[in-house]
There are 2 protein chains.
Amino acid sequence: MKIGELSKKSGLSRDTIRLYEKNELISSSASQSETNNYREYSDDVLLQLQFVSAARTAGISIADLRELMKAFFDSCDPSEAENVIVAKIVELNERIEEIKNVVSFLEAALLKVRGGHSES
Amino acid sequence: MKIGELSKKSGLSRDTIRLYEKNELISSSASQSETNNYREYSDDVLLQLQFVSAARTAGISIADLRELMKAFFDSCDPSEAENVIVAKIVELNERIEEIKNVVSFLEAALLKVRGGHSES
DNA sequence: CCAAACCATGGACTACTGTCTATTGTTTTA
DNA sequence: TAAAACAATAGACAGTAGTCCATGGTTTGG
């Protein structure tokens, strides 16, 4: 498919898709036609974009995603790929804990706001 | 305390502290001295900075933190403050779920990388 | 056929965060 | 008292992420 269709299906703008491609998060091939330089995207790219989109929402940087996507698709060395992925899982679990801490703090603050004016 | 001490205790740079103050995440008072315009920070500000720091690490934006800090300290209307805090808790829990989804995806990818070449 | 819709490219631009620098003034300390 | 350390301010700067625009080429539908 061409970028317009990919844009519609992924919900990402053309510009964003091109940005991701420039950063090697996805790849494309040249169009069949010899007369233009349109890019052709496979269905797999749509799946990849869906993952990338979710990961970006979760706060994973483009640079980190490049590493991940490379590990998924380009790695000649499986153990290298494994290391990258495991490291990212660890990091994300840490982030979950951080967010949980913030949530705990907010819940405590909520109790105070709701009524606990016992001190001072 | 003055900004140097606050910087040491919080682990944030003077510049970052000033940035946060400009964005109303913390506040300070004028120094006792009449001859300078140094700012004076209370111990509470240190606690606030520790929260802010954790929240920034967890990916909460300065703009959102301004709303939260305002809800904590400046709100004349407790139910308004409550709404802001509850909304943020909901949002953070959603973010946790998003990150968990990404982790699940990565774990599945790990299985594939580790050996599961059964299909295709 | 021709206009509308599509595509690629490059660069400008925005917003956000944070750092660094220069300047100037104040306090501390040796 | 003089140097060193500290402070405030403003503006420049850098990196990240994404959008917008201008240009020019291509495809498609009426």
Side-chain angles (χ1 to χ4, degrees), chain A residues 1-42 45-46 48-69 91 95 98 102, chain B residues 1-42 45-46 48-69 91 95 98 102:
Chain A
M1 77 189 87
K2 283 176 298 199
I3 198 169
E5 189 181 350
L6 185 60
S7 172
K8 273 199 195 91
K9 286 185 176 169
S10 68
L12 298 172
S13 73
R14 284 176 172 78
D15 279 330
T16 298
I17 292 172
R18 293 200 178 103
L19 178 69
Y20 289 171
E21 183 166 8
K22 194 167 60 177
N23 283 278
E24 300 170 68
L25 270 45
I26 56 172
S27 60
S28 62
S29 52
S31 152
Q32 279 78 2
S33 167
E34 303 286 320
T35 60
N36 65 31
N37 55 346
Y38 293 2
R39 306 303 301 174
E40 180 68 25
Y41 298 90
S42 72
V45 171
L46 178 56
Q48 291 163 28
L49 274 188
Q50 283 160 357
F51 168 70
V52 164
S53 192
R56 290 288 308 119
T57 302
I60 303 179
S61 72
I62 289 180
D64 285 3
L65 278 171
R66 176 166 51 234
E67 265 195 283
L68 277 177
M69 303 311 273
E91 188 188 317
R95 183 170 308 181
E98 286 161 356
V102 175
Chain B
M1 77 189 87
K2 283 176 300 201
I3 198 169
E5 189 181 348
L6 185 60
S7 172
K8 272 198 195 91
K9 286 184 176 169
S10 69
L12 299 172
S13 74
R14 284 175 171 80
D15 279 330
T16 298
I17 292 172
R18 292 198 179 104
L19 178 70
Y20 288 171
E21 183 166 8
K22 193 167 62 180
N23 282 279
E24 300 171 67
L25 271 44
I26 56 171
S27 60
S28 61
S29 51
S31 150
Q32 280 77 3
S33 166
E34 303 287 318
T35 60
N36 66 30
N37 56 345
Y38 293 1
R39 307 302 303 173
E40 181 68 27
Y41 298 89
S42 71
V45 170
L46 179 56
Q48 290 163 30
L49 275 188
Q50 283 161 355
F51 168 70
V52 165
S53 192
R56 290 289 305 119
T57 302
I60 303 179
S61 73
I62 288 180
D64 285 3
L65 279 172
R66 177 166 51 236
E67 265 195 283
L68 277 178
M69 303 311 273
E91 189 189 317
R95 182 170 309 180
E98 286 161 356
V102 175

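Below, read A as the first sequence line, B as the second, and so on, with proteins coming before strands; counting in each chain starts at 1. These values consider heavy atoms only, across backbone and side chains, with no hydrogens, waters or symmetry-generated copies.
- Within the 4.0 Å cut-off from OP1 or OP2 of dC7(C), at least one side-chain nitrogen or oxygen of R14(A) is found.
- Residue Y38(B) places its side chain closer to dT27(C) than to any other of dT27(C), dT17(C), dT9(C).
- Which of dA8(C), dC20(C), dG18(D) sits closest to the side chain of N37(A) comes down to dA8(C).
- Distance, E21(B) CD to dG18(C) P: 15 Å, rounded to whole Å.
- The separation between K22(A) atom NZ and dT16(D) atom C1' is 12 Å, rounded to whole Å.
- At the phosphate of dG18(D), OP1 or OP2 sits under 4.0 Å from a side-chain N or O atom of R56(A).
- Here I3(B) lies in heavy-atom contact (under 4.0 Å) with sugar-phosphate atoms only.
- Residues L6(A) and L12(A) are not in side-chain contact: their nearest non-hydrogen atoms beyond the backbone lie 4.5 Å or more apart.
- Within the 3.5 Å criterion, the main-chain N or O of I60(B) finds a donor-acceptor partner in the side chain of R56(B).
- L65(B) is listed as a side-chain neighbour of F51(B), based on a closest heavy-atom distance under 4.5 Å.
- A sub-4.0 Å separation between OP1 or OP2 of dA8(D) and a side-chain N or O of R39(B) is absent.
- Within 4.0 Å of S61(B), counting heavy atoms only, lie sugar-phosphate atoms of the nucleic acid but no base atom.
- In this model, a donor atom of one side chain and an acceptor atom of the other lie less than 3.5 Å apart for S28(B) and E21(B).
- Here dC7(C) presents its P atom at 10 Å from CG of L6(A), a figure rounded to the nearest Å.
- Regarding L25(A), its CG atom lies at a distance of 13 Å from the P atom of dT16(D), rounded to whole Å.
- Set against dT19(C), dT26(D), dA7(D), the side chain of T35(A) has dT26(D) as its closest nucleotide.
- Here the options are K2(B), K8(B), K9(B), the test is side chain to side chain donor-acceptor pair (under 3.5 Å), and the partner is E5(B); only K9(B) passes.
- Under 4.0 angstrom from either OP1 or OP2 of dG18(C) there lies no side-chain N or O belonging to T16(B).
- For dG18(C), the base has no donor-acceptor partner in the side chain of Y20(B) [N/O atoms by modelled type, under 3.5 angstrom].
- Between dC7(C), dT19(D), dC20(C), one nucleotide has an atom nearer to the side chain of D15(B) than all others, and that is dC20(C).
- For the pair R18(A) CZ and dT9(C) P, the interatomic distance rounds to 8 Å; values are reported in whole Å.
- Separating the CG atom of N36(B) from the C1' atom of dA8(D) is a distance of 10 Å, rounded to the nearest angstrom.
- Mapping K8(B) and I60(A) onto DNA chain D via the closest heavy atom, the residue that lands nearer the 5' end is K8(B).
- With rounding to whole Å, E40(A) atom CD is found 18 Å from dT26(D) atom P.
- If you check dT28(C), dG18(C), dA8(C) against the side chain of K2(B), the one that comes closest is dT28(C).
- Side-chain contact between R66(A) and Y20(A) is absent, with no heavy atoms from C-beta onward closer than 4.5 Å.
- If you take CD1 of I17(A) and P of dG18(D), they are 12 Å apart, rounded to a whole angstrom.
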